[in-house]
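Everything on this sheet refers to the single structure shown next.
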Amino acid sequence: MASVILHRSQKKRLEQGHPWVYKSEIATVEGEPEAGQLVNILNHQKRYLGTGYYNDASQITVRVVSYKPLEAMDKAFFVDRFQNTLQHRERFTKGETAYRLVYGEADFLPGLIVDRFGDILVIQLLTLGMDVCRNDIVEALVQVMKPQGIYERSDVSVRELEGLEQVKGPLYGECPRHVTVRENGLAIKVDIVEGQKTGYFFDQRENRASIEPLMTGWGGRSGITVQDVEQDGVTKELPVNKSGSVVTFPYWDGATVLECFSHTGSFTLHACKYGAKKVTCLDISQHAIESAQENVDLNGFTDRVEFVVDDAFQYLRTQVKGVDEREKRSTPGTGKNKVDTSKPMTPGVGRTWDVVILDPPAFAKTKSAVPGASRGYKDINLHGMKLVNEGGFLVTASCSYHMRPDIFLETIQDAALDAGKILRLIEWRAAGKDHPQILGVDEGHYLKFAIFEVRSK
């Protein structure tokens with residue numbers, strides 16, 4: 001087997017568990033390894049460090065798959081790895097049949113993603129080293145998982161860095177375009193052919209469940225109290241409004257919620273499940289909103305959700321302008337400061353919510369994009385928190401790896417300063433248990449998720 005020998009100073013990161021070897025870290029190559037072939041990784045003293053697959057066309061020239069000598073990445077190798085990944089998911093996602101089964105480097109299979117949607121598997125082969133093993137991967141998945149079908153979604157630009165074309169299509173069995181799975185007790189219809197990435201984002205599963213405490217406890221703001229009421233000779237505890245009438249709407253205590261960047265409406269579904277009164281579900285994509293609407297209907301939440309197709313940045317700014325105008329109208333003024341209240345406000349603007357949820361796509365895909373991304377995150381969080389009712393909650397996330405946690409929090413703090421808000425951090429989370437992280441591999445620590453209580457200064 002060929003070997004790559006590292007420069008004297010280039011071993012510490014690898015010894016800390018990072019599975020990538022960059023071209024600039026390699027001093028010499030012994031032998032003539034072919035692209036996709038396994039090579040041994042040696043330090044400058046030629047001491048064995050690990051085994052990985054090789055691709056001279058990539059800046060990440062070697063990706064480690066084993067820290068013990070390995071002869072081949074064959075079917076038996078993948079069967080063993082898949083059995084381990086399945087055991088991990090069954091331990092931490094009790095009773096679930098939809099989750100990320102293989103998470104690349106974190107499952108010691110760099111360049112491979114496998115998502116399970118019940119009896120259907122969707123895979124991404126992101127590197128040449130995994131692409132040349134596709135037949136063994138499929139056969140091993142069939143043996144371990146016994147799926148109905150396996151569909152490939154390797155239609156991602158990162159493959160081009162490996163000298164590969166983007167491809168997608170069925171690899172095994174029957175693969176329907178739409179698959180209905182369950183998450184936290186909710187039915188979710190997933191488009192595995194045209195949906196983003198593999199069709200669904202499993203990394204927020206636990207985070208979506210964490211919004212449950214935010215969804216109830218709001219009825220008192222409307223003057224509704226629970227009182228003893230006699231009906232048909234029986235005394236019952238029932239909600240009563242300011243006029244003394246019994247409230248029959250079952251979600252009288254629920255929050256009003258705005259979900260931006262909704263995709264398939266996953267946070268909307270959880271908000272409704274946990275008792276939200278009314279949810280505004282917003283995405284710029286008509287296809288995404290149609291998917292979200294199907295999921296809302298599927299779970300019987302139709303009457304509590306409104307759908308908006310719009311750019312989230314523009315929508316938030318428009319609502320904030322409406323709030324500012326409403327405040328001016330309610331404040332007496334003279335001369336130039338006097339507002340002409342005879343003109344009606346634009347319908348549908350100036351709205352506020354008890355909970356605003358911001359789960360945008362990655363704004364910073366490279367380190368150089370961080371300054372621009374920071375401006376984007378500040379913009380949406382600034383306007384988002386302005387639309388949160390006093391004492392309500394801002395739920396905000398970033399999936400940009402280069403937006404480090406400290407930078408993300410500083411950006412939100414800057415937004416709060418400009419908005420005149422005080423934020424109390426209630427919860428801070430990362431990706432779910434089916435997205436494990438290798439300590440020392442910073443690239444795996446990409447997702448930041450926070451819940452803030454919002455108060456005015």
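All figures in this text were calculated on a predicted structure; none of them were measured in a lab.
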Please step through salt bridge (charged side-chain N to carboxylate O under 4.0 Å, His left out) for the pair Arg208 and Glu206, ending with a clear verdict.
CA-CA 5 Å; Arg208 288 187 275 261; Glu206 289 91 337; over 6 Å; no
Evaluation steps, salt bridge (charged side-chain N to carboxylate O under 4.0 Å, His left out), between Asp379 and Arg317:
CA-CA 9 Å; Asp379 192 349; Arg317 290 192 199 104; 2.6 Å; yes
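Contact check on Asp253 versus Lys277 returns no salt bridge, with no Lys/Arg side-chain nitrogen under 4.0 Å from an Asp/Glu carboxylate oxygen. Using a cut-off of 4.0 Å between Lys/Arg side-chain N and Asp/Glu carboxylate O, Arg159 and Asp131 are scored as salt-bridged. With respect to the salt-bridge test (charged N to carboxylate O, under 4.0 angstrom), the residues Arg89 and Asp107 qualify. A salt bridge is defined here as a Lys NZ or Arg NE, NH1 or NH2 lying under 4.0 Å from an Asp or Glu carboxylate O, and Lys94 with Glu96 fails to meet this definition. Ion pairing between Arg205 and Asp434 holds under the 4.0 Å rule for side-chain N and carboxylate O. Lys273 has no carboxylate O lying under 4.0 Å from a charged side-chain N of Glu212, or vice versa, which leaves the two without a salt bridge. A salt bridge is defined here as a Lys NZ or Arg NE, NH1 or NH2 lying under 4.0 Å from an Asp or Glu carboxylate O, and Lys457 with Glu390 fails to meet this definition.
For the pair Leu214 and Asp354, the minimum side-chain heavy-atom distance is 4.5 Å or more. Contact annotation: the side chain of Tyr151 never approaches that of Leu121 to less than 4.5 Å [non-hydrogen atoms, C-beta and beyond]. Between Val323 and Thr352 there is a side-chain heavy-atom pair separated by less than 4.5 Å. The shortest distance between side-chain heavy atoms of Met73 and Leu38 falls below 4.5 Å. Counting heavy atoms from C-beta on, the side chains of Ile357 and Val355 come closer than 4.5 Å. Residues Val226 and Leu238 have side chains not in contact (no heavy-atom distance under 4.5 Å, counting atoms from C-beta outward). At least one side-chain heavy atom of Leu126 sits under 4.5 Å from a side-chain heavy atom of Ile113. Taking 4.5 Å as the limit, every side-chain heavy atom of Val142 sits out of range of all side-chain heavy atoms of Met145.
For the residue pair Ser154 / Gln124, no side-chain donor-acceptor distance below 3.5 Å is found, with atom types taken as modelled. Judged by distance alone, the side chains of Tyr446 and Asp203 do bring a donor and an acceptor atom under 3.5 Å apart. Side-chain atoms of Thr127 and Glu162 form no donor-acceptor pair, as typed in the model, at a separation below 3.5 Å. Side-chain N/O atoms of Glu160 and Gln166 include a donor and acceptor closer than 3.5 Å. Between Gln314 and Asp311, the side chains place no donor N or O within less than 3.5 Å of an acceptor N or O (distance only, hydrogens not considered). Side chains of Glu183 and Tyr200: a donor-acceptor N/O pair is present below 3.5 angstrom, by distance only.
Residues Ile289 and Cys281 share a closest heavy-atom pair of CD1-O, 3.6 Å. Counting all heavy atoms, side chain and backbone alike, Met403 lies closest to Val370 at CE-O, 4.2 Å. Residues Val132 and Gly36 approach most closely at CG2-O, 4.2 Å, considering heavy atoms. What you find for Ala430 and Gln437 is that their closest heavy atoms are CB-NE2, 3.8 Å. Residues Gly275 and Tyr251 share a closest heavy-atom pair of O-CD2, 4.0 Å. Residues Leu186 and Phe301 share a closest heavy-atom pair of CD2-CE1, 3.7 Å.
Evaluation of the salt bridge (Lys or Arg N to Asp or Glu O under 4.0 Å) rule for Arg182 yields no partner, not counting sequence neighbours. For Glu194, the salt bridge (Lys or Arg N to Asp or Glu O under 4.0 Å) partners at least two apart in sequence or on another chain are Lys168.
In this structure a side-chain-to-backbone donor-acceptor pair under 3.5 Å is missing from Asp115 to Thr198. Remark: the backbone N or O of Ala431 is not paired with any side-chain donor or acceptor of His435 at under 3.5 angstrom. Not one N or O on the side chain of Ser398 forms a donor-acceptor pair closer than 3.5 Å with the backbone of Lys448. With Asn295 contributing its side chain and Thr264 its backbone, the two residues share a donor-acceptor pair below 3.5 Å. In this structure a side-chain-to-backbone donor-acceptor pair under 3.5 Å is present from His88 to Lys433. Between the Arg153 side chain and the Gly199 main chain, no donor and acceptor come within less than 3.5 Å of each other. Of the possible donor and acceptor atoms, one in the side chain of Gln319 sits under 3.5 Å from a partner among the backbone N and O of Gly350. With hydrogens and angles disregarded, no donor-acceptor distance shorter than 3.5 Å links the side chain of Glu25 to the backbone of Leu6. Proximity of a side-chain donor or acceptor of Ser400 to a complementary backbone N or O of Phe363 within less than 3.5 Å is detected. Remark: side-chain polar atoms of Tyr53 are paired, donor with acceptor, to backbone N or O of Pro110 under 3.5 angstrom.
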Can you give the donor-acceptor pairs under 3.5 Å from side chains of residues 405-420 to other protein atoms, not counting sequence neighbours?
{"residue": "Thr411", "atom": "OG1", "partner": "Ile407", "partner atom": "O", "Å": "2.8"}
{"residue": "Asp418", "atom": "OD2", "partner": "Lys378", "partner atom": "NZ", "Å": "2.8"}

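Proximity of the aromatic rings of Phe117 and Phe202 is defined here by a centroid distance below 6.0 angstrom, and this criterion is met. A distance of 6.0 Å or more separates the ring centres of Tyr401 and His445.
Using bins of under 30°, 30° to 60° and over 60° for the plane-to-plane angle, the ring pair Phe261/Phe313 lands in the perpendicular bin. Taking the six-membered ring where tryptophan is involved, the planes of Trp218 and Phe393 are perpendicular, since the angle between them exceeds 60° and thus also 30°. Between Tyr274 and His270, the ring planes are tilted. Angles from 30° to 60° get that label.
Annotation: cation-pi pair Arg424/Phe452 absent, no NZ/CZ under 6.0 Å from the ring centroid and within 45° of its normal.
Other residues, nucleotides and ligands contribute only 12 or fewer heavy atoms inside 6.0 Å of the CD atom of Glu165.
When each of Leu316, Leu423, Leu394 is checked for a side-chain contact (heavy atoms from CB on, under 4.5 Å) with Asn381, only Leu394 meets the rule.
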